[in-house]
Every structure is written in C-alpha cells, then in structure tokens.
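As the structure lists them, so they are numbered: ligands from 1, and atoms in each ligand from 1. Side chains included, hydrogens not; waters and symmetry mates left out as well; all remaining heavy atoms used.
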Amino acid sequence: MAQSAETQEPLNVTEELLKWTNSTISTMMLGEAEEVRDIARDVLKIFGEYSITDFIGPLKIFKKFGSYEQRIDAIFNKYDPIIEKVIKKRQEIVNKRRSGEIKEGEENVVFLDTLLEIAQDETMEIKITKEQIKGLVVDFFSAGTDSTAVATEWTLAELINNPRVLNKAREEVESVVGKDRLVEESDVQNLPYIRAIVKEAFRLHPPLPVVKRKCTEECEINGYVIPEGALILFNVWQVGRDPKYWEKPLEFRPERFLENSSEGEAASIDLRGQHFQLLPFGSGRRMCPGANLATAGMATLLASIIQCFDLQVPGAHGQILKGDDAKVSMEERPGLTVPRAHNLICVPLARAAKLISS
Ligand code: HEM
C-alpha cells in the first residue's frame with residue numbers, strides 16, 4: 001500500500017488482503033508463509049461446489065470418475081507434498097527443542113509444533129495421526145484466510161462509501177493513539193468505534209452466510225416439525241438484515257453498537273454466538289475458534305489503514321473519482337464465503353509519511 005501510495009498506481013486491495021491473511025495465518029501455524037499461499041482459495045472453491053453423485057444415489061458408482069472428484073485429487077496431489085515438506089521441517093525443530101539443541105525462545109513455537117508434540121505424546125488418550133494433522137492444517141488455513149480477507153474488504157468498502165463513518169473513526173484513532181506512532185493491537189480495547197465498525201460490517205456482510213447443523217432428535221419449532229437427521233441451514237446473512245431485529249437494517253450505522261450512547265440500541269449484542277440475530281462466527285461447541293484472532297487482527301489493520309492512508313477510488317480511465325461518484329460497488333459474488341463481486345481497486349494516498357516509514 002505504501003509503495004502504491006508513492007507511485008500513485010492503482011492497487012488491488014483484494015489481493016493484498018489475501019496475502020496479509022495468508023502470511024499471518026501460515027506464519028502462526030507453520031512458521032513460514034511461502035508455498036502454501038494458494039491452498040485456501042483452491043480448497044474453498046471446491047468446498048463451495050457439490051458433486052451430483054452425492055445427491056443422486058445410483059450415480060455413486062461413477063463417483064471416482066467425476067470431474068469434481070478428479071479436481072479434489074488434483075488439489076491433494078498438488079498440496080500434499082508441500083505440507084509433507086513443512087511437517088518434516090517442523091518435526092526436526094521439535095526434536096531439536098526436545099534434545100536441547102534449540103534453547104527455549106530461540107525459535108518460535110507454532111501451531112504445527114504443538115500438534116506434532118501431541119502426536120508423539122504416549123500418555124495421550126486419543127492418538128492423533130499425521131493424516132489428521134494435515135487435515136487440521138488445511139482446515140485452519142481454509143477456514144481462516146479467505147473469511148478474514150473477505151470481511152476486511154467489505155469493511156473497507158463500507159468505509160469508502162460512508163465518509164461520515166470514516167471521519168469519525170479517524171478522529172477516534174487520532175485522539176486515542178495520536179499522530180506520532182502507529183496503532184497497535186493493544187490499542188483496540190480503547191477504540192470502541194472501530195470495534196463497532198467491525199461488528200456492523202459482520203452484520204451486513206457475514207463472510208460465511210450460512211451455518212449448518214444436523215438435527216439430532218425430532219423437535220418442533222414454530223409449528224414446524226424438524227425430523228431427526230435433517231440438515232438445517234441457518235441464514236446468518238438474512239437475519240442480520242431482518243427489520244424485526246434491526247432498526248434501519250440496510251444502513252451502515254456502527255453507532256447502533258456503541259455502549260453509553262443514545263444511538264446504541266444494539267450495544268449489548270456481541271459476536272460470541274449468544275445473540276442469534278448476529279452469528280457471523282456461528283454458535284455453540286462448533287463455533288469458530290478463530291473469532292477473537294480475526295476480529296482483533298481486522299480492527300488493528302483497519303485502524304492502521306485509516307491512520308495512514310486515504311483510499312481513493314479510480315474511475316474507468318484511471319482518474320480519481322470525487323464525492324458521490326467515489327463509491328464502490330457492493331455487489332456480491334456467490335461462493336462458500338460471500339466476497340464482493342469485483343476486486344477492490346484503490347489508489348492509496350499517504351496521510352502520515354512518518355508512520356508509514358515506521
Ligand atoms: C472473519 C473471519 C472469520 C469468520 C467470519 C469465520 C466464521 C466461521 C463460521 C461461521 C464457522 C462455523 C461455526 C458454526 O458452525 O457454528 C467457522 C468455523 C471454523 N473457523 Fe472460522 N471464521 C473466521 C476466521 C477464522 C480464523 C482466523 C480461524 C483460524 C485461524 C478460523 C478457524 C475455524 C475453524 C477451525 C472452524 C471449524 C470449527 C469446528 O468445526 O469445530 N476461522 N468459522
């Protein structure tokens with residue numbers, strides 16, 4: 001973004017956000033961020049589709065010949081050797097740490113190290129295999145990267161289209177953090193308006209619009225009998241826009257989540273899965289384990305972008321659009337996550353050269 005601000009070249013913010021989530025999550029999980037970059041996109045693309053053989057029973061015998069199944073095999077063949085290589089490298093580090101060759105604090109402990117240690121622990125009641133470790137790595141990767149990038153992009157798009165909210169957020173960041181240092185994650189607890197912006201973006205644009213459950217026993221809800229075994233799809237997206245639960249639901253108005261404010265009619269609603277009108281991270285035992293990580297990371301990144309840059313919207317001929325013309329499209333694209341239909345392209349304008357260079 002800093003480079004693009006210097007050259008005044010348009011920047012594909014969508015791609016940059018995906019690079020950010022990829023490198024953050026893979027560094028935390030695997031200790032590196034190189035070859036695993038495209039796993040999430042490839043895996044999610046195929047998750048969002050379905051195989052006709054799963055729905056028409058007699059076709060099951062053709063399963064292994066279908067193009068869907070063949071593409072799953074291709075993804076496996078592409079990424080399995082990469083994950084194998086990373087596991088081998090981390091296993092060596094775990095062994096060296098154990099033998100004392102690597103001292104405490106010399107090498108960061110990453111999520112994969114912990115899984116490998118658990119796998120080797122003879123006292124564990126439940127054994128975890130290498131295949132399961134690979135599955136968990138891909139699971140966290142595909143669950144965490146695209147969703148966080150998509151959510152951050154929607155929030156930036158809302159800020160571009162709502163200059164009033166952007167200015168208010170900037171005032172908050174400048175009054176709490178000042179102009180002499182870059183915002184840090186520990187500042188977020190003192191930035192209620194930024195946190196409210198994140199919530200409001202999740203309400204209107206939950207990256208995973210549907211949460212699934214299987215009914216374990218027959219029950220009745222509002223006069224409808226739900227049979228045992230039925231697959232229930234809970235439409236988080238629709239409930240987030242339902243006028244029964246939200247005042248002026250289509251307006252982007254973070255104030256609704258502000259505590260101690262006359263406008264904060266929804267201030268008591270949080271993202272922890274207990275308020276069913278706002279469930280971007282699901283609810284209950286299978287609720288997203290990355291909710292805190294994602295919201296804290298998003299709030300910090302948004303606050304630092306707000307502090308350092310103005311995101312200008314270029315027109316079809318590269319000219320910078322102004323006023324009401326400087327709006328970005330809010331059209332959605334279908335998929336397992338719901339991203340914006342078009343890449344977010346901006347020309348960043350630096351506001352705080354000193355902070356950017358720091
Ligand atoms: C804005 C970002 C994110 C959103 C909107 C999101 C949303 C969700 C949702 C709706 C579920 C299903 C919950 C349910 O069925 O009740 C889920 C599951 C999951 N998420 Fe996230 N997530 C995000 C970020 C992350 C991150 C950063 C990680 C980890 C690094 C992560 C890891 C997972 C995992 C492992 C599951 C499966 C949990 C299980 O099945 O028990 N997510 N997420």
Does only the side chain of Thr148 get under 4.0 Å from ligand 1, or the backbone, or both, or neither? Count heavy atoms.
both

Could you check Glu92 against Lys89 for salt bridge (charged side-chain N to carboxylate O under 4.0 Å, His left out), going step by step and ending with a plain yes or no?
CA-CA 5 Å; Glu92 279 165 19; Lys89 185 172 154 195; over 6 Å; no

Check Glu331 with Arg340, please: is the shortest side-chain N to carboxylate O separation under 4.0 Å?
no

Please report which non-hydrogen protein atom sits nearest to atom 4 (C) of ligand 1, along with the residue it belongs to and the distance in Å to one decimal place.
Phe281 CE2, 3.3 Å

Is Phe202 in contact with ligand 1, taking contact as a heavy-atom separation below 4.0 Å?
yes

Distance-only donor-acceptor check, side chains Glu255 and Tyr193, under 3.5 Å:
yes

When you check the side-chain N and O atoms of Gln91 and Gln120, is any donor under 3.5 Å from an acceptor?
yes

shortest atom 26 (C) of ligand 1-to-protein heavy-atom contact is with Gly144 CA, 3.3 Å

Ligand-residue contact atoms, ligand 1 with Phe140, heavy atoms, under 4.0 Å:
29 (C), 30 (C), 35 (C)

Only one of Val328, Leu204, Ile197 forms a side chain to side chain contact (heavy atoms under 4.5 Å, CB included) with Glu158, so which one is it?
Leu204

Please list, in number order, the atoms of ligand 1 under 4.0 Å from a heavy atom of Pro207.
5 (C)

Options Ala291, Pro206, Pro280, Ser142, ranked by nearest heavy atom to atom 10 (C) of ligand 1, top entry
Pro280

Ligand-side contact atoms (ligand 1) for residue partner Gly282, heavy atom cut-off under 4.0 Å:
10 (C), 13 (C), 14 (C), 16 (O)

Evaluate the side-chain contact (heavy atoms from CB on, under 4.5 Å) criterion for residues Leu278 and Trp246: first the C-alpha distance (whole Å), next the side-chain angles of each, then the deciding distance (0.1 Å), finally the verdict.
CA-CA 10 Å; Leu278 188 66; Trp246 303 99; 4.1 Å; yes

Arg286, portion touching ligand 1 at heavy-atom distance under 4.0 Å
both

Hey, which atoms in ligand 1 end up nearer than 4.0 Å to a heavy atom of Ser283?
16 (O)

Please report which non-hydrogen protein atom sits nearest to atom 32 (C) of ligand 1, along with the residue it belongs to and the distance in Å to one decimal place.
Ala143 CB, 3.6 Å

Check: Glu153/Thr14 side-chain N/O donor and acceptor closer than 3.5 Å
yes

Indicate yes or no: does an N/O atom of Lys212 lie under 3.5 Å from an N/O atom of ligand 1?
no

Around atom 36 (C) of ligand 1, find the nearest protein heavy atom and jot down its residue, atom name and distance.
Pro289 CD, 3.6 Å

Pair Arg253 + Glu265: basic N to acidic O under 4.0 Å
yes

Between Glu228 and Lys214, is there a salt bridge with N-O shorter than 4.0 Å?
no

Nearest heavy atom to atom 23 (C) of ligand 1, choosing from Ser147, Ala201, Ala151, belongs to Ser147

Tell me: protein heavy atom nearest atom 16 (O) of ligand 1, and distance?
Arg213 NH2, 2.6 Å

heavy-atom search around atom 17 (C) of ligand 1 in the protein gives Cys288 CB, 3.5 Å

Decide, yes or no, whether a salt bridge links Glu84 with Lys134 under the criterion of side-chain N to carboxylate O below 4.0 Å.
yes

